There are 2 protein chains.
Amino acid sequence: MREGPDIARIASLVGDPARANMLNALMGGTALTASELALEAGVSLPTASSHLSKLTDGGLLTLASQGRHRYYGLAGAQVAGMIEAIIGVAEAVGPKRVRHGPRDAAMRVARVCYDHLAGEQAVAMLDRLFDRKLLLRDDSQIRLSPSGAAHFAALGIEIDARARRPVCRACLDWSVRRSHLAGALGAAILDKIIAEKWARREKDSRAVVFSPKGRQAFERVFLA
Amino acid sequence: MREGPDIARIASLVGDPARANMLNALMGGTALTASELALEAGVSLPTASSHLSKLTDGGLLTLASQGRHRYYGLAGAQVAGMIEAIIGVAEAVGPKRVRHGPRDAAMRVARVCYDHLAGEQAVAMLDRLFDRKLLLRDDSQIRLSPSGAAHFAALGIEIDARARRPVCRACLDWSVRRSHLAGALGAAILDKIIAEKWARREKDSRAVVFSPKGRQAFERVFLA
DNA sequence: TCGATGCTTCGACCGTGATCGAAACATTGC
DNA sequence: GCAATGTTTCGATCACGGTCGAAGCATCGA
């Protein structure tokens, strides 16, 4: 009975259906208000409020008060990564192996993971960035190379390396089961994809759908 | 309230302290009997038995009956990866940021993750295997290259690619936060490290401690 | 065949935590 | 100020699930 980190505490936070629905909704990356999350979870407002304070106390959510609205969001990419890992297991052991609808397929190709891109496209992108030496695998981190910094700057993506948030971070992809790029750079790239209208967010889903021209542009810039 | 995979079900399985302790114990990779796990979790045998059937029903554990002993083990590397991800979050949000004892430090360097090696050494190894083109990042998988197959065969590690189990698989490392190598090859490498006595398992811990000569040998073979 | 060992099932107990209505609190717009 | 809106706190209810002792199965060794 040696004691490690309190994984039961964290897991039990995710282990309630109402809270799991809230976290799932927040995987889209946008912060939501308490009432939106209550609707999403299918519980009353008081119940939702209670759950939300547990999640924030537990360190899984952050809270940003703006006037009378209170926006809840995931506490970081690591939390998002954990939830993706749980989703992966749930998919694998779930009773419904054979339910790959069209929306499911789109999710596997490209989706939002908190604030960055995930799915086959994202994994392929990270691979190419390594191949082109724009990113370097350091001892225990991913780093932006000088040529990489120049490359992204030319695209209008400039990252302040001194900010608190790490520039590059690996995040395990539940569908592909390999890492994709998170961190400030990962978020900036997703921002650009949306801003350039290369792709749009599917309504009420984490799926990201590229337009034909958008896909070409994305491949030219990131998969070349 | 759109429905995804049942992540609450999976998370709540991990969310009970007794079950979490059991899973943690099984992260060492060796299957354990019900009585051993009861001891590990600090509960009575009937209680443990009840938990264990829930975990197996839930798909997190596999059961191998051998005579009157019943050995429980993790259901796969994906489950192990999920638990590592939860451990990572628990460490990050836990109240004890500054408690890196010596055992903790050893865990970060090298430890067992289910049946393969994890920690800084394991992440560095995977990086070098890519650099040396012994492994290839394919579209959505890690593959063994022809030269890699030859290389490992020369070390006495031969993997049957037609077996049900994937040869190579990525597994996210909770301490380093990047991928290390799982799958049949990852397991075989750990086997070799132990068999060659390059390192030994720390008692009652997942830590793997290299001997001075063993470290040299490991670095020569896998980090060169 | 018989006791010993390992494990599960049964039954009963009990505490934690999820739930919601009502009321209190906070902020904004008028 | 004062109503309207968004959110939390309080209080009470209730059910689910964790817990263990006792008994029941199964397997092994002699």
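Lettering follows sequence order; numbering is per chain, from 1. Just so you know, these numbers come straight off a predicted model, no measurement behind them.
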Between [N] atom [atom2] and [X] atom [atom1], what is the distance in whole Å?
X	N	atom1	atom2	answer
A:Asp16	C:dT16	CG	P	17 Å
B:Arg9	D:dG17	CZ	P	11 Å
B:Leu52	D:dG18	CG	C1'	14 Å
A:Tyr71	C:dT27	OH	P	15 Å
B:Leu55	D:dG18	CG	P	10 Å
A:Arg70	C:dC25	CZ	P	15 Å
A:Leu63	D:dT8	CG	C1'	12 Å
B:Asp57	D:dG17	CG	C1'	15 Å

A:His116 and A:Ile189, any side-chain heavy atoms less than 4.5 Å apart: no

4.5 Å side-chain heavy-atom contact, A:Ile193 and A:Phe210: yes

Sugar-phosphate only, base, or nothing, as touched by B:Ser53 at under 4.0 Å among non-hydrogen atoms: nothing

For the side chain of [X], counting heavy atoms from C-beta on, which of [options] is nearest?
X	options	answer
B:Ser49	C:dT9, C:dC20, D:dT8	C:dT9
B:Pro46	C:dA22, D:dG21, D:dG18	D:dG21
A:Leu45	D:dG17, D:dT8, C:dG17	D:dT8
A:His51	D:dT19, C:dT19, C:dT8	C:dT19
B:Ala34	C:dT8, C:dC20, D:dG18	C:dT8

Steps toward side chain to side chain contact (heavy atoms under 4.5 Å, CB included) verdict (B:Ile142, B:Leu185): CA-CA 11 Å; B:Ile142 300 177; B:Leu185 180 58; over 6 Å; no

Donor-acceptor contact below 3.5 Å, side chain A:Ser50 vs main chain A:Pro46: no

Counting just side-chain N and O atoms, does [X] come under 4.0 Å of either OP1 or OP2 of [N]?
X	N	answer
A:Lys54	C:dA18	yes
A:Ser35	D:dG6	no
B:Thr47	D:dT19	no
B:Tyr72	C:dT8	yes

Single hit among A:Glu120, A:Glu84, A:Gln121 for side chain to side chain donor-acceptor pair (under 3.5 Å) with A:Arg111: A:Glu84

